[in-house]
Amino acid sequence: MSVIETRDLGKRYPGGVTALTGLTLAVEPGITGLVGANGAGKSTLIKILLGLLDPTEGSARVLGHDTRTDGELIRARVGYMPEHDCLPPDVTATELVTHLGRMTGLPATAAKEQAAEALRHVGLHEERYRQIGTFSTGMKQRVKLAQALVGDPGLLLLDEPTNGLDPAGRDAMLALIHRIGTEFGIAVMVASHLLSEIERICDHLVAIEGGALLRAASLSSMTQNVPWLAIEVEEGGDRLAAHLAAAGITVHREERALLVPVGSDAVFDLVRDAIADLGLPLNRMEHRRHHVEELFATGATRTPATEPRAAEARP
Amino acid sequence: MSTDVTAAASTVQLTNTTRWYGNVVAVNDITMTLGPGVTGLLGPNGAGKSTLLHMISGFLEPSRGTVTIGGTAPWRNPGIFRTVGLVPERDSVYAFLTAREFVVASAKLHRLPDPKAAAERALEMVELIDAADRTIDTYSKGMRQRAKVAAALVHDPQVLLLDEPFNGMDPRQRLHMMDLLRGLGRAGRVILFSSHILEEVERLADTVQVVVAGRLAASGDYRTIRRLMTNRPHVFVVRTTNDRALAQALIGSPAVQGVTLTGAGLEVHAGDHGTFTRQLARASRDAGVGLREVIPADESLESVFAYLVGA
Amino acid sequence: MTTTSTTAASDGNGSVIHDIGYKPYTGTRLGRAHIVRALYFFSLRAAFGFGRSARARIIPLATFALMMLPAAVSIYKVADVGGSLPLPYTHYAYNTSLLFFLFVAVAAPELVSRDLRHHTLPLYFSRPLRRADYPLAKLLALATAIVLFEGLPLVAMYLGTIASSTSGSGVWAQTRDLVPGLLVALAYGLLFAPLTLLIASTTGRRALATGAIAILLLATTAISHVLESVGTHGDGPPPVAVTQGPGAQQGPDTNPPPFKETITYNGIARNGGLVDPLRLVEGTRIWAFHATDGNIPDPQGAGGLYAAELILLTGLTAGGLYLRYRKVGVA
């Protein structure tokens with residue numbers, strides 16, 4: 001059962017701005033990345049999915065409910081983590097998450113318990129009794145996540161969850177989101193403009209551009225291996241290339257790596273032995289694969305991934 | 001626009017540069033040289049990147065030390081504005097102007113002989129021609145950034161400074177901006193951009209300057225920087241036809257500090273990068289193990305940065 | 001840092017690792033009505049400064065304590081000397097209006113400006129509430145707070161007075177007098193809650209909202225006072241008794257006639273109260289109860305106008321509040 005389904009979804013604002021057009025997609029359970037939609041497109045989509053805005057065309061269903069008619073039902077089962085700052089500084093994390101738990105419809109005691117659990121799961125311990133104004137950005141993002149989690153949602157909508165976090169904080173947040181998506185049994189949709197994050201934790205990807213769907217696919221299909229093996233040796237690359245060519249293997253030179261068509265086991269062993277014989281320092285031997293970024297490369301920058309990139313001239 | 005230039009005339013040189021505001025030392029004794037090409041200024045928020053950019057562009061005076069561009073200090077030197085273009089982080093565009101008006105105004109401020117033509121060229125470089133007649137307040141964040149870049153490029157500066165230029169851009173706009181900057185760098189200009197997003201710096205910068213809490217932690221190519229961290233063992237993930245056999249062989253080598261059998265292959269911690277990388281292929285052959293993949297796991301800018309900041 | 005996912009296990013002999021992983025919530029989920037009620041009580045407490053730091057409670061509780069002061073004094077006076085209340089129930093609110101202004105100028109921004117300042121509204125609107133529920137809960141909460149602020153001193157005064165009352169008819173008289181007073185408190189709640197909330201909802205800066213509300217209330221009071229003075233006419237200097245000279249009257253039964261001056265109010269004075277919310281309530285009270293002890297010039301024919309404007313203003317400001325919150329963004 002799809003977690004989110006849209007059919008020909010469109011939204012045109014009175015001023016003439018078209019935020020979404022002809023959007024048809026189905027989001028399956030798991031962790032899905034939403035990429036490319038910035039500004040109007042993203043916020044419009046989120047508002048429609050939460051049942052706060054009616055589309056001008058088409059329809060959308062979230063967790064089986066129609067967004068036009070069942071907005072409240074949807075909002076009771078969807079947790080939303082906004083992108084911008086939205087936390088009052090002068091209440092404690094516990095108070096805020098408990099209050100918002102009640103706003104989701106949890107009875108008073110349940111709200112307290114769920115809040116405590118949500119804060120535990122996001123990794124806030126004794127800090128939770130301090131006022132939010134004293135928190136670091138990383139802790140604030142966790143509080144935002146906890147308030148989305150407090151009502152045991154069936155779907156989490158996370159908008160740029162690593163905004164403002166330093167690399168260590170980003171890692172921690174991504175690991176947390178990954179855990180939630182895989183162990184907690186909650187479907188997650190992450191809106192992010194950082195493609196490396198999407199590649200790291202998402203199973204599926206939805207790419208939107210100009211308000212319309214650009215691509216919706218599983219990550220694995222988008223980051224498939226490409227039939228090249230990239231070999232990086234710290235020195236002696238030319239000798240290695242010559243050696244391999246002499247053995248009948250096609251070699252393409254890149255700036256840093258040699259590309260060899262992936263073939264049989266014999267090829268692997270040939271490469272290994274060549275390196276061993278020449279005594280070269282092997283730093284990398286990696287299957288090239290596609291990157292999500294390729295989806296957005298314009299004509300000028302697009303190198304067909306199946307072709308090796310030309311050696312780049314250095315100024 | 002002219003593309004040939006003497007590198008020396010545009011080299012940016014900082015020597016023992018320090019800048020403080022009251023008790024806060026924003027930039028602490030930084031010495032660096034920036035030449036043609038794209039340099040990424042990387043650091044956590046509040047590390048002093050913006051301050052550095054403002055000192056190089058002449059808006060701030062160093063409290064101590066010197067900043068020069070082509071040998072001249074930019075501070076209180078209006079002539080420097082011919083050589084330098086700055087794209088600041090904050091929204092410094094007049095929302096009620098169209099992009100064209102804004103860039104033409106910038107051209108006029110630089111007293112260019114033909115401001116309209118220069119503006120057209122700049123707008124074309126950033127691919128904003130189609131939307132150039134709409135007012136800036138109708139633009140998305142990415143388009144505003146492009147307008148700012150156009151205004152900074154209109155006088156064909158040899159040095160271009162950009163403060164967090166990719167903020168708010170979607171992937172396509174980002175890729176396009178990166179192409180633009182890469183092209184400018186290849187043509188011989190000195191491009192310095194700051195970012196706290198590693199992915200962007202990794203993609204675009206030829207050289208990286210890592211700033212942490214006002215101090216310059218490292219410069220250069222990040223892979224080379226990683227090699228220089230000899231006190232941290234390099235981590236490799238190796239996939240083979242017989243992980244355990246290779247593990248046995250490797251643990252006997254003094255270059256290897258640790259080997260872990262994970263579900264996805266072998267994780268090797270090599271204290272001596274040079275020796276290990278030379279031994280690996282030989283050891284595999286001798287053990288009769290086929291190598292399928294060798295991946296340096298902590299060679300990314302992310303790991304390098306984490307190590308630098310953690311230090 | 002985060003909960004490590006250690007798998008539950010047991011060795012059958014008493015040693016156990018418990019499963020404290022994520023557990024879905026299977027309990028009751030309450031509907032909109034309960035949520036609005038929860039928000040209502042939350043806001044009601046917030047109006048008196050509860051739910052935040054102790055500093056937030058100072059003004060609400062201090063003004064409330066001062067509100068009780070006249071009641072305490074009255075109770076003491078009646079218990080001590082008997083007689084009627086020095087400050088009648090129906091005059092209580094009008095004469096303590098400055099305390100009320102202070103209270104409401106602080107309470108209204110507390111309820112709505114904070115959420116605006118910290119952009120907390122998306123956290124509410126992404127929940128199973130309707131757009132209108134948020135302002136509704138805030139409105140009812142502030143109205144309740146105002147009614148309590150104005151009404152509790154009256155009730156206290158009532159209870160204190162009948163405690164020292166000796167006859168059933170005395171109790172009845174007090175009860176009869178209390179009711180219009182409580183109705184005045186109710187009117188304050190209905191009129192001032194949407195008005196002050198609407199003003200407060202225009203800005204996230206609490207100090208600004210407090211200032212705006214205070215200035216509005218004080219200015220309208222001042223203006224209506226001016227209008228009252230302008231429209232007041234006495235009918236000439238008072239007559240002077242002659243005790244000496246040719247026309248002098250002698251004798252013990254020729255006391256100087258009592259001082260008497262007739263004061264009349266023209267239309268300006270009578271209608272001037274329409275610009276002042278306080279007088280709006282007072283004028284409506286005079287008109288509705290045919291009161292003769294008004295604090296303001298008797299509106300006479302215009303009394304209906306006061307009542308109509310009261311209702312109209314309440315409706316318009318409440319509507320404005322509703323419209324204000326329809327446009328707030330989520331994402």
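Quick note on labels: first sequence line is chain A, next is B, and so on, each numbered from 1.
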Trainee: Is the shortest side-chain heavy-atom distance between A/Met189 and A/Val3 below 4.5 Å?
Mentor: no
Trainee: Any side-chain to backbone donor/acceptor pair from A/Lys144 onto A/Glu83? Under 3.5 Å, distance only.
Mentor: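 Yes.
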Trainee: Are A/Asp152 and C/Arg29 side-chain neighbours, meaning at least one heavy-atom pair lies under 4.5 Å?
Mentor: yes
Trainee: Is it the side chain or the backbone of A/Ile186 that comes within 4.5 Å of chain C heavy atoms, both, or neither?
Mentor: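 The side chain, not the backbone.
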Trainee: Within residues 107-114 of chain A, which residues come under 4.5 Å of chain C, heavy atom to heavy atom?
Mentor: A/Pro107, A/Ala110, A/Gln114
Trainee: Check whether A/Arg128 reaches the backbone of A/Thr94 with its side chain - one donor and one acceptor, N or O, closer than 3.5 Å.
Mentor: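 Pair absent, no side-chain N/O of A/Arg128 close to backbone of A/Thr94.
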Trainee: Under 4.5 Å, counting heavy-atom pairs only, tell me which of A/Leu149, A/Leu96, A/Ile180, A/Thr104 racks up the most with chain C.
Mentor: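 That would be A/Thr104.
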Trainee: Are A/Leu176 and A/Arg179 packed together at the side-chain level, in the sense that at least one heavy-atom pair is separated by less than 4.5 angstrom?
Mentor: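 When only atoms from C-beta onward are counted, A/Arg179 and A/Leu176 do touch, with a gap below 4.5 Å.
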Trainee: If you define the side chain from C-beta out and look only at heavy atoms, does anything of C/Leu152 sit under 4.5 Å from C/Met67?
Mentor: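 Sidechains of C/Met67 and C/Leu152: no contact.
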Trainee: Write out, in numerical order, the residues from residues 46-61 of chain C with a heavy atom short of 4.5 Å from a heavy atom in chain A.
Mentor: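 Listed by number, the contacting residues are C/Gly51, C/Arg52.
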Trainee: Looking at C/His118, C/His119, C/Arg127, C/Arg130, which makes the most heavy-atom pairs under 4.5 Å with chain A?
Mentor: C/Arg127
Trainee: Please examine the side chains of C/Ile146 and C/Phe100, heavy atoms only from C-beta on, and report whether any two atoms are closer than 4.5 Å.
Mentor: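 SC-SC contact between C/Phe100 and C/Ile146 confirmed.
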Trainee: Report yes if some heavy atom in the side chain of A/Ile177 is under 4.5 Å from a heavy atom in the side chain of A/Met173; otherwise report no.
Mentor: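 Heavy-atom side-chain distance check passes, below 4.5 Å.
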Trainee: Checking C/His34 against A/Arg102 for the side chain to side chain contact (heavy atoms under 4.5 Å, CB included) test, could you report, in this order, the C-alpha distance in whole Å, the side-chain angles of both residues, the deciding distance, and whether it holds?
Mentor: CA-CA 9 Å; C/His34 285 265; A/Arg102 298 215 55 193; over 6 Å; no
Trainee: Take atom CG of A/Asp85 as the centre, draw a 6.0 Å sphere, and report whether it contains more than 12 heavy atoms from other residues, nucleotides or ligands.
Mentor: no
Trainee: Does any N or O in the side chain of A/Glu28 come within less than 3.5 Å of the main-chain N or O of A/Ala187, such that one atom is a donor and the other an acceptor?
Mentor: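 Here the side-chain-to-backbone pair does not exist.
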Trainee: Between C/Lys138 and C/Asp115, is any pair of side-chain heavy atoms under 4.5 Å apart?
Mentor: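 C/Lys138 vs C/Asp115: side chains touch.
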Trainee: I'd like to know if the side chain of A/Thr56 and the backbone of A/Arg12 have a donor-acceptor N/O pair within less than 3.5 Å.
Mentor: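 Yes.
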Trainee: Can you confirm whether A/Ile31 sits close enough to A/His178 that some side-chain heavy atom of one is under 4.5 Å from a side-chain heavy atom of the other?
Mentor: yes
Trainee: For the interface with chain C, which of A/Thr92, A/Leu45, A/Leu100, A/Leu87 has the highest count of heavy-atom pairs at distances below 4.5 Å?
Mentor: A/Leu100
Trainee: So what's closer than 4.5 Å to chain A heavy atoms on C/Phe42: side chain, backbone, both or neither?
Mentor: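 Contact with chain A is through the side chain of C/Phe42 alone.
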Trainee: Only pairs of heavy atoms separated by less than 4.5 Å count here; which of C/Gly31, C/Pro24, C/Gly27 has the most with chain A?
Mentor: C/Pro24
Trainee: What residues of residues 103-111 of chain C sit under 4.5 Å from chain A when only non-hydrogen atoms are counted?
Mentor: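 So no residue qualifies.
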Trainee: Evaluate the side chain to side chain contact (heavy atoms under 4.5 Å, CB included) criterion for residues C/Tyr322 and C/Leu139: first the C-alpha distance (whole Å), next the side-chain angles of each, then the deciding distance (0.1 Å), finally the verdict.
Mentor: CA-CA 10 Å; C/Tyr322 165 74; C/Leu139 193 54; over 6 Å; no
Trainee: Quick one: does any side-chain atom of A/Glu117 pair with a main-chain N or O of A/Ala115 as donor and acceptor, under 3.5 Å?
Mentor: no
Trainee: In terms of heavy-atom pairs under 4.5 Å with chain C, which of A/Ala175, A/Gly71, A/Gly151, A/Gly185 leads?
Mentor: A/Gly151
Trainee: Looking at A/Leu165, is its backbone amide N or carbonyl O close enough to the side chain of A/Arg170 to form a donor-acceptor pair, meaning the two atoms are under 3.5 Å apart?
Mentor: no
Trainee: Against the six-membered ring of A/Phe135, is A/Arg130 placed for a cation-pi contact (under 6.0 Å from the centre, within 45° of the normal)?
Mentor: no
Trainee: Determine which residues belonging to residues 182-207 of chain C lie within contact range of chain A, meaning some heavy atom pair is under 4.5 Å apart, and list them by number or answer 'none'.
Mentor: none
Trainee: Give the C-alpha distance, both sets of side-chain angles, the deciding distance and a yes or no for side chain to side chain contact (heavy atoms under 4.5 Å, CB included) between C/Asp133 and C/Leu39.
Mentor: CA-CA 9 Å; C/Asp133 290 342; C/Leu39 185 57; over 6 Å; no
Trainee: Select one option (side chain, backbone, both, neither) describing which atoms of C/Arg32 are under 4.5 Å from chain A's heavy atoms.
Mentor: side chain
Trainee: Salt bridge or not between A/Glu160 and A/Lys42? Use side-chain N to carboxylate O under 4.0 Å.
Mentor: yes
